[in-house]
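Beneath this line is the structure, given in structure tokens, with notes to follow.
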Amino acid sequence: MGQVENRMIKAAGLAGVVAGDTAISTVGKEGLDLNYRGYSIGDLAEHSTFEEVAYLLIYGKLPNLSELDIYRRKLVGLRDMPRELKVSLEQLPSGAHPMDVLRTGVSVLGCLEVEMEFGDVREHADRLVGCLGSMLVYWYHFSRTGKRISLVSEETTVAGYFLDLLSGETPTDKHRRCMDVSLILYAEHEFNASTFAARVVTSTMSDYYSAIAGGIGALRGPLHGGANEKAMELIEQFTTADEAERELRAIFERKEKVMGFGHRVYRDSDPRSDIIKAWSRELSGGSEKAYLYPVSERIEKVMWDEKRIFPNLDFYSASAYHYCGVPTEMFTPLFVMSRVAGWSAHIIEERGVGKLIRPSAEYTGPQPKSYQPIEKRS
Ligand code: SDX
């Protein structure tokens with residue numbers, strides 16, 4: 001891409017540029033829902049589990065009952081981490097951002113379980129699906145209490161395991177399922193910035209772990225995955241919807257962006273938002289911070305009435321995660337734990353393309369100048 005009939009095309013932020021083919025998902029295509037390998041996000045969120053979706057993305061088809069059972073057991077068996085990785089995580093300070101911890105953990109694992117000659121990348125993908133939650137929560141507890149938690153859990157799902165490790169208690173069915181649905185929703189989204197970053201790294205014939213570390217770095221920023229944490233920081237300032245509306249109008253005056261709203265591809269709505277919004281509403285019922293839900297709804301209403309801008313997946317994920325008892329700084333890492341499935345699918349697909357991604361730039365620097373020996377420079 002980049003050259004059409006010898007004409008260079010230019011688009012800030014690559015907006016509207018078709019940068020390649022994918023058979024993994026459709027985002028914002030006329031007449032098509034968001035789907036993963038042909039299955040609509042509504043069906044997946046209602047009927048499937050994150051493990052089925054990870055299998056679908058990584059292996060290309062939905063598993064049958066026995067394949068899913070084997071896959072779940074495999075992921076459970078991949079939860080424990082090498083001693084060297086635990087020791088590395090123990091060196092990281094409690095003030096580190098958990099996204100930096102995950103990026104570091106992935107790099108360390110890439111040194112220990114080197115991707116030899118690009119063997120079956122799916123083994124490495126399953127490894128990360130199985131153990132990213134372990135990395136995150138092991139570091140979280142050790143850095144705060146000095147305690148080396150056990151990574152053994154009765155929970156058989158990625159969602160339940162994470163919640164169990166985090167709180168040390170068996171999660172409720174509702175919390176487990178909300179987490180599961182959110183992991184389904186976050187798992188894949190075509191050529192978003194972090195997936196594209198992972199594909200760029202892959203296109204140089206680099207290794208799997210480098211591509212994932214690149215994806216984590218890109219996801220961290222508030223214009224992308226980091227928006228769910230910023231959305232939480234906004235809504236938790238308020239206890240009433242009226243307060244939220246007043247501050248939102250002040251934000252408009254200051255011409256600031258409201259994180260968790262808008263999207264590069266979608267124009268009217270993000271199909272994932274209503275699904276996680278319903279979970280936020282459901283869980284608000286039993287919470288002492290029930291007011292966060294009406295606060296969020298008012299922000300959504302004012303954003304639409306005044307700006308015609310809609311919430312993306314990140315906005316209601318914030319309150320839903322909060323109601324599940326997840327600390328705010330773990331919101332974007334949860335996005336990683338899920339999106340690793342989509343990134344892996346794209347890494348596999350990009351390897352099949354085998355073409356270096358290397359666009360051009362328009363030069364805006366100075367005209368050619370004569371070189372002055374250093375003693376003659378003023
Ligand atoms: C994700 O790409 C993906 O698929 C990503 C994702 C995935 O699953 O991988 O869906 C996950 O990253 C969701 C997005 C999370 N980011 C945020 O919530 C950050 C806030 N949103 C925005 O900054 C913005 O909407 C972007 C970055 C998401 C998209 O930006 P674009 O396409 O570059 O559009 P823009 O910033 O140029 O905005 C166009 C107009 C501007 O107004 P004008 O200058 O034309 O008057 O819309 C306004 C913007 O100011 N605008 C907003 C806004 N989003 C757009 N104004 C206030 N608040 C916002 N959130």
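Being a predicted model, the structure only gives us computed values, none of them experimental. Counting starts at 1 for both ligands and their atoms, in listed order.
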Using a 3.5 Å distance criterion without hydrogens, assess whether the side chain of [X] forms a donor-acceptor pair with backbone atoms of [Y].
X      : Y      : result
Arg176 : Gly160 : no
Thr145 : Phe142 : no
Glu188 : Glu190 : yes

#### Entry: Polar contact flag for Val258 and ligand 1 (N/O pairs, less than 3.5 Å)
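So ligand 1 has an N or O lying under 3.5 Å from an N or O of Val258.
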Provide, to 0.1 Å, the distance between [atom] and the closest protein heavy atom, together with that atom's residue and name.
atom                    : value
atom 9 (O) of ligand 1  : Arg339 NH1, 2.9 Å
atom 51 (N) of ligand 1 : Ile309 CD1, 3.5 Å
atom 14 (C) of ligand 1 : Asn312 ND2, 3.4 Å
atom 35 (P) of ligand 1 : Lys257 NZ, 4.3 Å

Does the side chain of [X] come under 3.5 Å of the side chain of [Y] through a donor N or O and an acceptor N or O?
X      : Y      : value
Asp180 : Thr49  : no
Tyr55  : Asp126 : no
Tyr293 : Glu297 : yes

Distance filter under 4.0 Å to [X] heavy atoms, resulting ligand 1 atoms:
X      : result
Ala227 : 15 (C), 16 (N), 17 (C), 18 (O)
Asn192 : 2 (O), 3 (C), 4 (O), 5 (C), 9 (O)
Arg264 : 29 (C), 31 (P), 32 (O), 33 (O)

### Message
Could you check whether atom 39 (C) of ligand 1 has a protein contact, counting only heavy atoms that fall below 4.0 angstrom?
### Response
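It does not: no protein heavy atom is found less than 4.0 Å away from atom 39 (C) of ligand 1.
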#### Entry: Exercise check, heavy-atom protein proximity under 4.0 Å to atom 44 (O) of ligand 1
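No; the ligand atom in question lacks any protein heavy-atom contact below 4.0 Å.
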### Message
Under the criterion side-chain contact (heavy atoms from CB on, under 4.5 Å), I'd like the reasoning laid out for Phe261 against Ile299: C-alpha separation, chi angles, the key distance, then a yes or no.
### Response
CA-CA 10 Å; Phe261 283 83; Ile299 293 174; 3.8 Å; yes
### Query
Taking the six-membered ring for Trp, are His189 and Tyr266 ring centroids under 6.0 Å apart?
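For His189 and Tyr266, the ring centres are under 6.0 Å apart.
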### Task
Between Pro222 and ligand 1, find which residue part has any heavy-atom pair under 4.0 Å and reply side chain, backbone, both or neither.
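The backbone, only.
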